[in-house]
There are 2 protein chains.
Amino acid sequence: MHFMTALKAAWRQRDSLLCVGLDPDPAKLPAHLAGQPEAIFEFCREIVDATADLACCFKPQIAYFAAQRAEDQLEALIEHIHRRHPEVPVILDAKRGDIGSTAEQYAIEAFERYGADAITVSPYMGRDSVEPYFAYPDKGVILLCRTSNAGGSDLQFLDVGGPAGQERLFERVARLVAEEWNTGGNCGLVVGATFPDEIARVRQLTGDLPLLVPGIGAQGGDIEATVKAGCSADGSGLMISSSRAILYASRGEDFAEAARRVATATRDAINVHRPT
Amino acid sequence: MHFMTALKAAWRQRDSLLCVGLDPDPAKLPAHLAGQPEAIFEFCREIVDATADLACCFKPQIAYFAAQRAEDQLEALIEHIHRRHPEVPVILDAKRGDIGSTAEQYAIEAFERYGADAITVSPYMGRDSVEPYFAYPDKGVILLCRTSNAGGSDLQFLDVGGPAGQERLFERVARLVAEEWNTGGNCGLVVGATFPDEIARVRQLTGDLPLLVPGIGAQGGDIEATVKAGCSADGSGLMISSSRAILYASRGEDFAEAARRVATATRDAINVHRPT
């Protein structure tokens with residue numbers, strides 16, 4: 001199924017804009033899992049099973065798996081999600097960006113090896129560095145635009161001119177993606193919850209393009225401001241990602257129940273502010 | 001040893017600015033290796049052993065290994081280089097870029113898991129996305145600046161203003177890295193051989209900062225123009241990367257000898273144009 005079709009169905013069927021981020025940090029895993037050979041997989045699997053009915057998508061962050069030599073556990077995790085929760089799409093958070101011949105290899109990694117439904121990609125190297133992902137017409141490609149970290153401003157806030165005489169780099173990226181790169185209808189953008197004004201601006205520039213919004217929870221982004229700034233006209237359009245606040249709600253054996261409680265509260269806190 | 005110290009020693013001792021890129025594409029491997037379980041490692045190992053005395057550094061491109069589920073072969077390859085050719089530093093070409101907590105994981109992947117001496121990183125997310133790599137004071141951090149692909153112009157050529165009233169994004173990146181981010185003296189920049197005017201401009205902006213220059217060979221960059229534009233005052237300063245032209249010089253059992261011939265010719269073609 002096309003990523004966008006699956007995402008829209010998940011938004012509607014689950015009544016949820018919550019994206020559950022899977023960033024398994026070994027230093028924070030529940031004590032009873034520590035040291036077990038498949039601890040990362042077991043931890044994420046329990047989180048997934050406890051939150052799948054609350055989430056519009058899952059977003060494993062590949063760095064956490066790669067740092068632990070746990071690619072096989074990431075493969076098993078995504079396979080588990082597809083088998084047990086086939087209606088929840090998986091975004092591989094990888095932020096890749098390279099010349100075409102190398103991007104082809106990254107696309108093989110994300111879509112063929114891991115079976116991800118979408119991938120995050122950096123726009124710095126331009127359109128031809130993104131096109132190899134478009135060769136998979138059912139897959140989503142979510143480009144970095146205005147990231148949630150403070151340092152994002154270093155480049156993304158630079159004024160690059162433009163038709164109206166003033167346009168910041170992230171606005172140019174939003175416009176390029178929405179108006180020129182998204183010919184296959186499979187693009188989205190990353191816009192951090194820590195910058196609601198910029199979410200509103202990106203929404204204004206991109207119609208109903210899906211926005212992946214990290215930065216609530218541990219990073220301090222405001223849910224109400226995010227939802228009010230970012231929802232599309234039909235009250236969806238957002239994948240609001242929370243990772244640490246859900247994953248590490250408890251370090252006891254009740255971690256999955258605790259994660260479910262936080263995920264439920266987060267989904268509800270988002271829904272309160274959605275236009276009806 | 002500090003990456004920069006090792007790089008300078010390799011430039012001098014080997015009289016070479018050639019970086020041998022290791023991009024093992026399974027579709028192009030020598031026929032007699034096809035289908036073997038460790039084909040990627042064996043292929044790269046033979047290339048490395050045949051070219052180590054000609055190269056100032058090796059640059060494995062992680063995408064080619066990840067697409068083939070061959071992380072263990074990448075680990076073994078870098079370990080082999082360190083053991084057999086300890087004087088040749090290894091740059092992991094990964095072009096990572098993420099928020100600090102995730103960048104910490106990528107740094108663990110590159111420097112602790114793989115034992116790379118340096119990594120390539122995207123600047124799009126700003127300084128705080130790069131700082132976790134600086135926590136490893138001996139390691140090199142090579143930031144994308146003006147990439148070798150045509151699409152690189154989409155963002156990197158945008159005029160971002162600046163003190164002189166006109167500055168392109170890649171120039172701003174060069175200046176930020178050289179003047180502000182490089183406090184530990186371990187930064188370099190990626191500037192494509194396909195754009196010699198921009199190499200010259202980056203050299204002008206960055207003093208003797210090492211430049212990693214892909215794009216000769218298969219991508220069509222001109223060696224003479226690259227060397228004349230990019231050498232630092234002492235005739236070094238460049239890591240001129242060639243991958244496909246060396247790796248796939250022959251698909252027969254003589255592939256390593258053929259690679260050595262092309263690497264020798266490339267090193268010599270570079271040296272002809274170096275200032276003396």
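Chain letters run A, B, ... following the sequence lines, proteins first and then strands; every chain starts at 1. The analysis underlying the following values was restricted to heavy atoms, covering all of them including side chains, and did not include hydrogens, waters or symmetry mates.
- Counting non-hydrogen atoms of other residues, nucleotides and ligands closer than 6.0 Å to CD of B/Glu180 gives a total above 12.
- Between A/Thr102 atom OG1 and B/Asp25 atom CG the span is 10.0 Å, to the nearest 0.5 Å.
- For B/Pro123, the parts sitting under 4.5 Å from any heavy atom of chain A are the backbone and the side chain alike.
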A/Ser122 and B/Lys95: CA distance, side-chain angles, deciding distance, side-chain contact (heavy atoms from CB on, under 4.5 Å) verdict: CA-CA 10 Å; A/Ser122 169; B/Lys95 301 187 177 66; over 6 Å; no

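- The contact between A/Glu75 and chain B is made entirely by side chain atoms (from C-beta outward), counting heavy-atom distances below 4.5 Å.
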Pair B/Leu155, A/Leu176 - check side-chain contact (heavy atoms from CB on, under 4.5 Å), show working. CA-CA 10 Å; B/Leu155 302 188; A/Leu176 279 174; 3.8 Å; yes

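- One N or O on the side chain of B/Arg113 and one on the backbone of A/Ala66 form a donor-acceptor pair closer than 3.5 Å.
- Note that CD1 of A/Ile99 is 9.5 Å distant from OG1 of B/Thr194, once rounded to the nearest 0.5 Å.
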(message) Could you walk me through whether A/Met125 and B/Gln156 satisfy the side-chain contact (heavy atoms from CB on, under 4.5 Å) test, starting with their C-alpha distance in whole Å, then the side-chain angles of each, then the deciding distance to 0.1 Å, before giving a yes or no?
(response) CA-CA 8 Å; A/Met125 294 182 62; B/Gln156 297 157 23; 4.2 Å; yes

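- The candidate from B/Val160, B/Asp23, B/Val130, B/Ile62 with the greatest count of non-hydrogen atom pairs under 4.5 Å with chain A is B/Val160.
- Distance CD/B/Glu71 to CG/A/Asp72: 9.5 Å, rounded to 0.5 Å.
- Side-chain atoms of B/Asp154 come within 3.5 Å of backbone atoms of A/Arg127 as a donor-acceptor pair (strictly under, hydrogens ignored).
- Looking only at atom types and distance, the side chain of A/Gln61 has a donor-acceptor partner in the side chain of B/Asp98 under 3.5 Å away.
- The parts of B/Leu144 that come within reach of chain A are both its backbone and its side chain, each placing non-hydrogen atoms under 4.5 angstrom from that chain.
- The shortest heavy-atom contact between B/Cys145 and A/Tyr124 is O-OH, 2.7 Å.
- Looking at A/Asp128, its side chain does come within 3.5 Å of a backbone N or O of B/Gly151 through a donor-acceptor pair.
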### Message
Using the rule given for side-chain contact (heavy atoms from CB on, under 4.5 Å), can you reason through A/Arg96 versus B/Arg96, listing the C-alpha separation, both sets of side-chain angles and the distance that settles it, and then say yes or no?
### Response
CA-CA 7 Å; A/Arg96 302 305 194 220; B/Arg96 301 305 194 219; 2.6 Å; yes

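- Options A/Val173, A/Asn149, A/Thr120, A/Ile108 differ in how many heavy-atom pairs under 4.5 Å they form with chain B, and the most are formed by A/Asn149.
- Residues A/Arg244 and B/Ser101 approach most closely at NH2-OG, 3.7 Å, considering heavy atoms.
- Rounded to the nearest 0.5 angstrom, B/Tyr64 OH and A/Glu104 CD are separated by 7.5 Å.
- Of all the heavy atoms in B/Tyr106 and A/Asp93, the pair that sits closest is OH-O, 4.2 Å.
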